[in-house]
**Student:** 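Below is a structure I'd like to ask you about.
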Protein chains: 2
Amino acid sequence: MLLEPDQPSSEISATQLAYNKLRELILTGELAPGDKLKIDGLRSRLELGASPIREALSLLTSDQLVVRQDQRGFRAAETSRENFQEILTLRCELEGMALRQSVQNLTEAWTEDLVLAHHRMTRAEGRSTAEFELRHKAFHMALIGNCQSPLLLGFCSQLYDLNIRYRYLAGRASGYEGRKIGDEHKCILEATLAGDFEAANGHLMSHYETTGAFILSYAT
Amino acid sequence: MLLEPDQPSSEISATQLAYNKLRELILTGELAPGDKLKIDGLRSRLELGASPIREALSLLTSDQLVVRQDQRGFRAAETSRENFQEILTLRCELEGMALRQSVQNLTEAWTEDLVLAHHRMTRAEGRSTAEFELRHKAFHMALIGNCQSPLLLGFCSQLYDLNIRYRYLAGRASGYEGRKIGDEHKCILEATLAGDFEAANGHLMSHYETTGAFILSYAT
DNA sequence: ATGTCCAATAAAATCGATTTTTTTCTAGCT
DNA sequence: AGCTAGAAAAAAATCGATTTTATTGGACAT
């Protein structure tokens, strides 16, 4: 018989590790927009060789979180009011599209995924920001996860990340103060479970627009 | 005085070179769907070191042209009928969206871009496939290039590439035989220049649907 | 003073070699 | 025969060092 030797949480490649860490640093603003990302600096900061770091930076470039300059290295992508608007608008359009398709294909299995994702998010509300943000994204992805288009989901995931970066940059918790965020999610969930696309989409869009307006009011 | 010493066409990084070549090889099917992409093999084939090749493969992974497997290397992405359908559908939706916005913002400068792109495409008709495909993509990107959303353009560009790969795989020229492709483009162009989104979109969509049907009829 | 050229420094990009991991092959066992 | 374990081979992933490219600072000439 073959026993699994209790994999010691390694198993993950240095490239993946670098990607995860750098992504986190940029999303949270610890690496600020426009910052030069020197290979040597990151090498000592992450205690990794140049190769996995360069690979990770290449991946982040495709995610629009990093910009590569000819032979002059990498920087964290700049931010701007226009860029934020663009992300917000496009996100609404693509997620609306994906939500419509998801609701059209409504199944019992997906219903269960949704309920579960929502439950996990509410349970994570008290915990760390990182934990909640993870569950929050999972919930939003679950809402559109039944759309039968992996490519569209990938685009939405990317836009979600670009958007959340602005929320971090505007200061922690911003966008959520003074709102019953739990209620908003509940409305979206219930309309979706009921198969009512128009209602669900309305709630979802106003959820985004409200958060967006908050963030814009904070921006330079 | 400072003379430009007639840059000897280098200036391009090994990574970019690897990216361009590999992308071409995969799009044209010279590297077939599912093919194992061994670093050593590519190293000798492209006469480059491992680092730029790995970086290029990472970028192509984000493009969905390559798939990375844990610590088991890279392969050319698989193809399937469903995947093609997904690409086609999503492309129609996103390009429709982008075309609408482009037409709404119609300007004299953009009009000129369009006419120019169309002219270059028609002039390239007799020349090499590579030359024509370049101009063909440029024309289609120009049609939606006035939409004021770089992110959306990026998505469309990616979908265009994924789509054209299927056209190559179905065999050269497929999708175009027995059609007056020039006329189709002309219809799209003229409706767009006239600011008639509905007409332009109709022509564009049927252009894609027709090509799509051709390709599907060839697929396994 | 201002601008240009050149040397010195710093950083990016790339390569070759080493280390890990996966895959393949073979011998031994039931 | 079929299966498992372990050795050998192959490939991926990573590292350290080298090469190339960009940036900085200073001397010289206008």
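In this text the structure is predicted, and so the values were computed from the model without any measurement. Convention: sequence-line order gives letters A, B, ...; per-chain numbering from 1.
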**Student:** I want to check one thing: is the phosphate of D:dA11, taken as OP1 and OP2, less than 4.0 Å away from some side-chain N or O of B:K36?
**Tutor:**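 No, no such contact exists.
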**Student:** Both A:E47 and B:K38 contact DNA chain D. Taking the nearest nucleotide for each, which residue is further toward the 5' end?
**Tutor:**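 Comparing both residues, the 5'-ward one is B:K38.
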**Student:** Could you state the atom-to-atom distance from CG of B:D40 to C1' of C:dT22 in whole Å?
**Tutor:**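 Answer to the nearest Å: 15 Å.
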**Student:** Distance check needed: D:dC15 P versus A:L46 CG, whole Å only.
**Tutor:**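 Atom-to-atom, A:L46 to D:dC15, this comes out as 11 Å.
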**Student:** Would you say A:Y166's side chain and A:S80's backbone share a donor-acceptor pair under 3.5 angstrom?
**Tutor:**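 Checked: pair present.
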**Student:** In whole angstrom, what separates B:L42's CG from D:dA11's C1'?
**Tutor:**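 It is 13 Å, rounded to the nearest whole Å.
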**Student:** To the nearest Å, give me how far apart CD (B:E55) and P (C:dA12) are.
**Tutor:**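 Computing the B:E55:CD to C:dA12:P distance gives 12 Å.
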**Student:** From the options D:dA12, C:dT14, D:dC15, select the nucleotide whose nearest atom is closest to the side chain of B:S13.
**Tutor:**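 Nearest to the side-chain atoms of B:S13, counting from C-beta on, is C:dT14.
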**Student:** Please list, in numerical order, the residues of residues 58-72 of chain A that have a heavy atom closer than 4.0 Å to any atom of DNA chain C.
**Tutor:**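 Hits under 4.0 Å, by residue number: A:D70, A:Q71, A:R72.
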**Student:** So, using salt bridge (Lys or Arg N to Asp or Glu O under 4.0 Å) as the criterion, who are the partners of A:R72 when residues are at least two apart?
**Tutor:**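 Result, salt bridge (Lys or Arg N to Asp or Glu O under 4.0 Å) vs A:R72: none returned.
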**Student:** If you apply the rule side-chain contact (heavy atoms from CB on, under 4.5 Å), what do you find for A:T122 with A:H118, and how did you get there?
**Tutor:** CA-CA 6 Å; A:T122 52; A:H118 184 261; 3.7 Å; yes
**Student:** Heavy atoms from C-beta onward define the side chain here; which of D:dA11, C:dT14, C:dA12 lies closest to that of B:S51?
**Tutor:**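 The answer is C:dT14, which lies nearest to the side chain.
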**Student:** CD1 of A:I39 versus P of C:dT14: gap in Å, rounded?
**Tutor:**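 That distance rounds to 11 Å.
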**Student:** Any idea which of D:dA12, C:dT14, D:dT14 is nearest the A:P52 side chain?
**Tutor:**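 Ranking D:dA12, C:dT14, D:dT14 by closest atom to the A:P52 side chain puts D:dT14 first.
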**Student:** Specify the separation, in whole Å, of atom CD1 of B:I12 and atom P of C:dT14.
**Tutor:**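 One finds 10 Å between P of C:dT14 and CD1 of B:I12, rounded.
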**Student:** On DNA chain D, does the nearest nucleotide to B:G73 precede the nearest nucleotide to A:G49 from the 5' side, or the other way round? Give the residue.
**Tutor:**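 So the residue in question is B:G73.
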**Student:** Give the rounded distance in Å between these two atoms: CD1 of B:I53 and P of D:dT14.
**Tutor:**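 Taking CD1 of B:I53 and P of D:dT14, I get 16 Å after rounding.
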**Student:** Going by the angle between their ring planes, with limits at 30° and 60°, are A:H136 and A:H140 parallel, tilted or perpendicular?
**Tutor:**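 The rings of A:H136 and A:H140 stand perpendicular, inter-plane angle above 60°.
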**Student:** Are A:E93 and B:R100 within salt-bridge range, i.e. N to O under 4.0 Å?
**Tutor:**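 Looking at A:E93 and B:R100, the cut-off is not met.
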**Student:** Between A:T15 and D:dT14, does any side-chain N or O lie under 4.0 Å from OP1 or OP2?
**Tutor:**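 Yes, within the criterion.
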**Student:** What is the distance from CZ of B:R43 to C1' of C:dA17, rounded to the nearest Å?
**Tutor:**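 Rounded to the whole Å, the gap is 12 Å.
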**Student:** Taking all non-hydrogen atoms of both residues, which atom of A:A124 and which atom of A:E131 are closest, and how far apart?
**Tutor:**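 Shortest heavy-atom separation between A:A124 and A:E131 comes out as CB-CG, 3.8 Å.
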**Student:** Which pairs of donor and acceptor atoms, one on a side chain in residues 147-154 of chain B, lie under 3.5 Å apart (sequence neighbours left out)?
**Tutor:**
| unit_1 | atom_1 | unit_2 | atom_2 | d |
| --- | --- | --- | --- | --- |
| B:Q148 | NE2 | B:N146 | O | 3.3 |
| B:Q148 | NE2 | B:N146 | OD1 | 3.4 |
| B:S149 | OG | A:E86 | OE2 | 2.6 |
| B:S149 | OG | B:L152 | N | 3.3 |

